[in-house]
Amino acid sequence: MDGFLDETRSGVTELRVHGVSGTPPEGMLNHPHPWIVAGDGTTGFYRRWWTDGPPDGEHADVPDSRHREAYAWGGLTSGGKTIALWLLLLPFALANLSYFMLPRPARGTGLRHVTEAAQRLFALLLTGTLVGGVTRAGVDLVGWQCTAAGRACTYDTAPVWVHWLGALWGNEPSRRLAVTALVPLLVVVVLWWIARRTWQRDERTAVPPGGGDDTELPLARPRLWHGDAPVWRLRVVHVCFAIASIGVAVAAPFAGTPLGLALTVANAAVELAAAVLVVLPGIARRLDPGSDERIPDWLTFACRALRVLAPLACLATLGAALAGMGPGAPGRQLPGVGVGAFQFALTVGIGAFILVATCVLAWMDRASGEPRAMGGIAAWFVLMVAAGSANVLALGLLFWTATFFGVPGTSASPEPAGRKLYLDDPVWWTAALVPLLAVGFAGLAAALYAIRGSDAGRLTPELTPLYGERDGGAVAGKWALAALTDRAGLVLGVLTGIGVAGFAVVTVIYQFHLFTPNGGIVGLLATLGSWAMAAVIVGLVFLGRRTYSDSGLRRTIGILWDISTFWPRAIHPLAPPCYTERVIPELIDRVDRLVKTSQDKVVLSGHSQGSVITAALVLQLKPELRARVRMLTHGSPLRRLYAAFFPAYFGTAGLSAVRDAVPWYNLYRLSDPIGGPVFGRVDPLAPRSSPDGPPNGVDVFCWDPHRAAPGEPLPEARWHTDYWLDPEYDEALSRLIVAKPFA
């Protein structure tokens with residue numbers, strides 16, 4: 001190979017870890033010719049290839065002396081062409097986030113374990129919600145209603161791929177249900193396949209033993225990134241529950257016959273077994289790599305048995321239905337045995353219990369002094385957002401299906417049925433909440449705009465002496481806009497509050513049959529909401545098609561997964577995969593290879609989400625490796641977002657442990673809407689930090705935008721990017737290289 005590539009490992013290595021959106025290696029290295037030296041195209045370590053031979057200069061690579069290296073992990077979250085399809089799994093990802101937001105007070109262990117079991121059961125019901133939406137759309141709207149004799153799908157204008165069902169089996173509903181049940185069954189198989197493939201790629205990555213501390217810090221425990229067996233067990237339970245729910249939907253209309261009743265009971269028993277297994281403590285328990293602890297063999301056996309029984313019960317149901325099971329129970333909509341109502345009541349009850357338990361845990365944890373978002377109950381709010389988004393997806397599919405094949409109708413719609421496809425009143429009531437949420441969001445946006453203006457007005461007098469009359473107000477506006485991130489808890493709380501309050505009102509109206517949503521202002525709201533939710537489904541389809549060919553859009557959507565899939569699949573195994581379970585082991589192995597002698601050093605340079613990765617990495621390193629490691633973070637959300645929403649992991653104790661483990665500098669700007677200080681804001685109007693480092697030992701303020709020279713225009717603000725171009729970056733890097741290791 002012509003040119004020059006330094007592949008030596010001795011000396012000082014500046015190892016850069018990118019943040020969200022999958023920054024390419026050339027951007028991280030600030031060099032046009034990156035060359036992979038370890039890893040693969042999904043995750044890899046890159047160095048600079050110098051086309052003209054060995055370079056000169058202060059920042060050049062020098063064999064066995066200094067090197068710049070970049071670790072690119074963006075292929076895990078934004079590399080695949082089907083990344084937009086992961087948006088359908090957003091409720092599952094939010095459920096996992098809620099688990100890690102749960103307070104962990106020292107004297108509330110028993111209550112926390114019960115709450116975690118309730119979270120796992122709630123997550124199982126989320127799977128039932130989404131799969132149930134597909135089942136209702138296929139089995140009820142198409143199989144039971146639309147293809148029945150004289151209904152919409154039997155007309156000559158109906159699509160040929162459903163018309164044949166009505167023409168052939170218009171008066172034999174069980175056969176129609178058996179065929180249409182293949183649609184949700186295929187969805188479950190796809191979910192299983194994606195979860196299994198990503199599990200083999202990520203969770204099964206071996207964590208090197210011997211790292212981490214034997215402390216009470218959750219972030220320091222190696223088991224956190226060791227999810228092989230527990231994710232497998234949870235996946236079996238969720239998939240079997242989903243399969244059994246399809247079997248119940250097909251068998252329940254024929255529960256009046258001995259065979260139908262037996263098949264209904266068999267599938268319901270599988271659902272019950274899955275629900276029992278998911279609340280057991282051992283089902284999701286993680287063990288440290290190399291540990292002598294074991295999960296009871298009977299639990300693994302139970303999961304394996306369920307994995308066999310669920311498909312058998314469902315296949316037996318579909319086979320019996322295809323052979324013919326009679327006309328079934330009468331009804332315009334798919335008859336059932338109350339399973340849907342029971343799951344709804346169970347979901348509401350579990351949600352109420354989690355709210356009370358989380359409030360108690362937050363109250364018990366109040367003495368910790370952690371900067372907790374939303375009073376410490378953010379876990380419940382995020383879980384409610386997960387439930388809301390799951391219902392929007394499920395109901396959006398129902399409205400789209402009803403609109404595509406016929407005309408959506410309410411329970412009060414008059415006969416004859418004709419082209420009408422009937423949806424339950426709760427579905428219409430839920431749709432009526434969507435416009436109210438939109439109004440609430442608009443009001444909240446107006447409030448945030450007013451807050452930004454107020455903050456900008458307060459900052460302008462302080463910045464005018466520094467930037468001048470012309471630019472002081474502009475800079476104040478940029479800083480005030482970035483500060484709105486600190487209102488994330490307010491946004492989440494208001495929108496969730498509107499949704500929960502509206503849901504409570506709708507439930508009361510429906511349970512007491514006060515009136516129906518088919519006229520007046522309520523009917524108008526329900527209609528608007530139905531259009532909006534159907535538009536969500538159509539929008540996701542178009543987004544998926546465009547993302548397939550647009551790499552830039554894939555990186556943009558990947559930002560969502562960079563943030564939400566940092567955490568393991570602790571309670572929902574069908575969520576998008578946790579990239580950290582592969583990233584942490586790979587970084588541990590790379591650091592070990594770069595610091596073979598006491599003279600070698602690695603400076604972990606983490607930007608944005610990369611700073612969160614490096615903080616978690618430091619606590620997983622062996623003590624002898626930490627003595628040779630330094631950390632430089634920039635644009636870091638560690639205190640601003642992670643400490644606020646995940647205080648048990650990134651609170652004062654966790655961040656202090658990182659600071660005590662390695663020398664550390666953190667660069668931040670007030671124009672940055674994501675990053676911020678970790679231990680305390682440095683006053684930008686105070687005298688410059690001493691040569692020995694920042695006043696609080698870690699945080700270094702960076703001006704942005706830089707002050708313009710006389711007569712020059714105000715430079716463009718860098719906001720959240722390009723910290724390594726700031727002079728403070730080179731200064732901090734130089735100090736860390738010569739810094740003494742901690743004892």
Side-chain angles (χ1 to χ4, degrees), residues 128-154 158-189 240-271 310-341 343 394 397-398 401-402 404-406 409 417 420-424 427:
T129 298
L130 281 183
V131 175
V134 181
T135 304
R136 290 292 301 274
V139 177
D140 181 9
L141 294 182
V142 178
W144 184 267
Q145 296 189 47
C146 192
T147 55
R151 301 293 291 274
C153 289
T154 63
V160 67
W161 41 276
V162 293
H163 178 77
W164 69 274
L165 277 174
L168 187 62
W169 294 325
N171 294 312
E172 299 183 73
S174 69
R175 293 181 172 178
R176 303 198 308 269
L177 298 189
V179 173
T180 53
L182 296 177
V183 175
L185 195 60
L186 177 61
V187 170
V188 174
V189 170
C240 290
F241 181 85
I243 292 175
S245 70
I246 299 171
V248 168
V250 174
F254 311 96
T257 66
L259 178 59
L261 179 61
L263 292 172
T264 301
V265 171
N267 285 284
V270 171
E271 285 191 287
L312 285 179
C314 185
L315 289 176
T317 301
L318 297 184
L322 196 60
M325 296 175 65
R332 295 190 303 186
Q333 296 173 251
L334 184 70
V337 290
V339 175
Q343 288 189 6
L397 179 61
L398 289 179
T401 303
F404 183 83
F405 290 105
K420 293 188 181 71
L421 298 179
Y422 298 99
L423 299 172
D424 295 331
V427 172

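All values below were derived from every heavy atom in this structure, side-chain atoms included, with hydrogens, water molecules and symmetry-related copies excluded. Computed from a predicted model, the values in this text were never measured in an experiment.
In this structure, T147 OG1 and R175 CZ are separated by 13.5 Å, a value rounded to the nearest 0.5 Å. To the nearest 0.5 Å, the span separating CZ on R151 from SG on C153 amounts to 9.5 Å. T135 OG1 to L130 CG: the interatomic distance, rounded to the nearest 0.5 Å, is 10.5 Å. In this structure, CG in L312 is found 11.0 Å from CG in N267, a value given to the nearest 0.5 Å. With values rounded to the nearest 0.5 angstrom, L177 atom CG is found 12.5 Å from I246 atom CD1. Remark: L318 CG to L182 CG distance equals 6.5 Å, nearest 0.5 Å.
For the pair V142 and F405, the minimum side-chain heavy-atom distance is below 4.5 Å. In this structure, the side chains of L185 and C314 come closer than 4.5 Å at one or more pairs of heavy atoms. Residues L141 and L423 are in side-chain contact: their nearest non-hydrogen atoms beyond the backbone lie under 4.5 Å apart. W169 is not listed as a side-chain neighbour of S174, based on a closest heavy-atom distance of 4.5 Å or more.
When the side-chain hydrogen bond (donor to acceptor under 3.5 Å, both in side chains) test is applied to D140, the partners found at least two apart in sequence or on another chain are R136, Q145.
Here the closest heavy-atom approach between residue T154 and residue A148 is recorded as CG2-O, 3.2 Å.
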